[in-house]
There are 2 protein chains.
Amino acid sequence: MENGHATTHGPAEEIAGRLALAIHEHRLAPGTKLSEDELGAIYGVSRTVVRAALQRLSHERLITLRRNRGAFVAQPTIREAREVFEARALLEPRTARSAAERATPADIARLQAHIDEEHRAMSAGHAGLALRQSGLFHQEIARIADQATVAEFIGQLVARSSLIIALYWQRRAALCESHAHHALLTALADHDGDRAEELMKGHLLDLVSSLDLRSLPSAPRSLREALGA
Amino acid sequence: MENGHATTHGPAEEIAGRLALAIHEHRLAPGTKLSEDELGAIYGVSRTVVRAALQRLSHERLITLRRNRGAFVAQPTIREAREVFEARALLEPRTARSAAERATPADIARLQAHIDEEHRAMSAGHAGLALRQSGLFHQEIARIADQATVAEFIGQLVARSSLIIALYWQRRAALCESHAHHALLTALADHDGDRAEELMKGHLLDLVSSLDLRSLPSAPRSLREALGA
DNA sequence: TTGGACAAGGTTGTATACAATCCTGTCGCC
DNA sequence: GGCGACAGGATTGTATACAACCTTGTCCAA
């Protein structure tokens, strides 16, 4: 129910979810090594289960699996970052339009709750948690559009965006998403598909603008790159 | 190189690829049970490796993993079928436009090769192989557009479409894709983005039209459904 | 001093063993 | 005869053991 994933829930899914949340909230930095033994000890399961969880996250591009080396929190390249937001630009605006046409009062309430949580987290200084709520806002819109397949893609893209923000966000940019989210919410509540689509498009462009995709990542992918040749 | 998947290749990837191909070519019918022991015996590996492959395919929605029950070739519902083609409608037309703007003569040649293979397979009566080539045509366009992230999504959607066709294709529909593909190829060769986008949109609509998404699946998901209450 | 070869330690890759769960056929009872 | 409980067999879920590989530190030779 919570996850929407088709089949049954196993311990591996549970662990994958916890790790995904930690990555999403920036508690695990890009590049962090995820040792199988260590994770097994933490969660009280064997490496078998941990490996299943890691494989899953690898497929979602949240971690990178390198053969005989282990698992690392992913470090999207600048190119990947651009691609992720181009994919979002393809999917989310028209999904927002569909959502506007279908949104019920209960849906609007759920969206408002995410905005509230985002505000609260930001006030409390939990930027990671605020980002998480912001991501849930986007996923909720996809869910309202009643397109599970697209929603799944968007969920994955949102998660990867969190990694991208961790690497490329330039602090001077405001990243005050709740403003844009509030405008979107209003459009959805008014069932104004045109405006919702346009707002989402602009919101995604703003997001990309708040990134610095010209310079090197703030936590560089390789020492060679970091130290300049 | 062949797969484009980021990291290294293991035996599990190999097996997953072979199974995916078999599903894509309709050599494995929707609903078929995939026993771990059996697959392990076939490919000469232990269940550990088989399980990794199955997990991967499960995430691509090509198979369904049911806890304590095993793995089965997926049987997309009518709803899922619609969603998959709606997602494709969101992604592929604009990707075709990008591809038209970037296509090189070598790209065109590769696309032509897929069309030729599709023809040859169809003439030889290998409908499954023809369908596979048709899918590769779509994936190749995504690759030409130079959007790896979107291309990955499209690849997954194309694979799922193959399952959908296996379940819902109505024989009376021609499904002569090579015609539409040839027109697309011409638009791409002419760098005519507008036409490519429009052609792809129409092609996808034709595809949906060739399906029967009103009736029950030809290989029904459950006996209860098949025998009517 | 510098360079490569080598060995020790640790981590991942795979196979196997055991436990838990499900399916199915049979038996007993109503 | 029909229905429910139960047991046997089979399959999956998980843990553990061993093999393969990478990393890294040390040693020796140039």
Side-chain angles (χ1 to χ4, degrees), chain A residues 3 5-19 28 31-75 220-227, chain B residues 3 5-19 28 31-75 220-227:
Chain A
N3 190 341
H5 247 293
T7 57
T8 49
H9 259 250
E13 307 282 323
E14 176 72 24
I15 292 174
R18 286 173 188 267
L19 286 173
L28 280 173
T32 305
K33 162 131 200 207
L34 301 173
S35 154
E36 298 181 355
D37 275 323
E38 202 169 345
L39 290 175
I42 289 171
Y43 293 114
V45 296
S46 81
R47 283 177 50 217
T48 308
V49 179
V50 172
R51 281 178 76 86
L54 292 178
Q55 265 191 305
R56 184 198 165 95
L57 294 174
S58 159
H59 203 155
E60 289 173 14
R61 296 274 195 263
L62 257 58
I63 70 174
T64 301
L65 240 41
R66 288 195 291 181
R67 195 168 177 81
N68 290 318
R69 305 273 176 82
F72 303 82
V73 178
Q75 294 178 312
R221 125 173 349 254
S222 77
L223 269 296
R224 182 169 312 151
E225 227 175 317
L227 305 176
Chain B
N3 188 338
H5 245 292
T7 57
T8 49
H9 259 249
E13 308 281 324
E14 176 72 22
I15 292 174
R18 285 173 190 268
L19 286 173
L28 280 173
T32 305
K33 163 130 202 206
L34 301 173
S35 153
E36 297 181 356
D37 274 323
E38 202 169 344
L39 290 175
I42 289 171
Y43 293 113
V45 295
S46 80
R47 282 177 50 216
T48 309
V49 178
V50 173
R51 280 178 76 85
L54 291 177
Q55 269 191 302
R56 184 198 165 97
L57 293 174
S58 157
H59 202 157
E60 289 173 13
R61 295 276 195 265
L62 257 59
I63 69 174
T64 300
L65 241 39
R66 289 196 291 180
R67 192 168 180 82
N68 290 320
R69 306 271 175 85
F72 303 82
V73 178
Q75 295 178 312
R221 129 174 345 256
S222 78
L223 270 294
R224 180 170 315 152
E225 227 173 318
L227 305 177

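Quick note on labels: first sequence line is chain A, next is B, and so on, each numbered from 1. If you're wondering where the values come from, they're calculated on a predicted model, not measured in any experiment. What you see below is based on every heavy atom in this structure, not just the backbone, and it leaves out hydrogens, waters and symmetry mates.
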*asked:* In whole Å, I'd like the distance from the CG atom of Asn68(B) to the P atom of dT14(D).
replied: 8 Å
*Ignoring backbone atoms, establish whether Lys33(B) has a side-chain N or O less than 4.0 Å from OP1 or OP2 of dT12(D).*
yes
*Spacing between Asp37(B) atom CG and dA17(C) atom P, to the nearest angstrom*: 13 Å
_Gap separating the CZ atom of Arg56(B) from the CD1 atom of Ile63(B), nearest 0.5 angstrom_ = 11.5 Å
_Nearest-Å distance for atom pair CD/P, residues Glu36(A) and dT14(C)_ = 11 Å
*Starting at atom CZ of Arg67(A), determine the distance to atom P of dG13(C), rounded to an integer number of angstrom.*
6 Å
*Closest-nucleotide 5' rank along DNA chain C - winner of Arg69(A) and Thr48(A)*: Arg69(A)
_Output the rounded distance in Å from CD (Glu14(B)) to P (dT14(C))._
12 Å
*CG on Leu19(B) to OG1 on Thr32(B), rounded to 0.5 Å*: 11.0 Å
*Closest to the Ser46(B) side chain, choosing from dT14(C), dT11(D), dT14(D)*: dT14(C)
*To the nearest Å, give me how far apart NE2 (His9(A)) and P (dG13(D)) are.*
15 Å
_For a quick check, tell me whether the side chain of Arg47(A) and the base of dG13(C) share a donor-acceptor pair closer than 3.5 Å._
yes
_Using every non-hydrogen atom in the two residues, find where Glu36(B) and Arg51(B) come nearest and quote the distance to one decimal._
OE2-NH1, 2.8 Å
*What's the CD1-P distance between Ile15(B) and dT14(C), to the nearest Å?*
9 Å
*Could you tell me the separation between the OG atom of Ser46(A) and the CG atom of Asp37(A), rounded to the nearest 0.5 Å?*
10.0 Å
*What is the distance from CZ of Phe72(A) to C1' of dT11(C), rounded to the nearest Å?*
10 Å
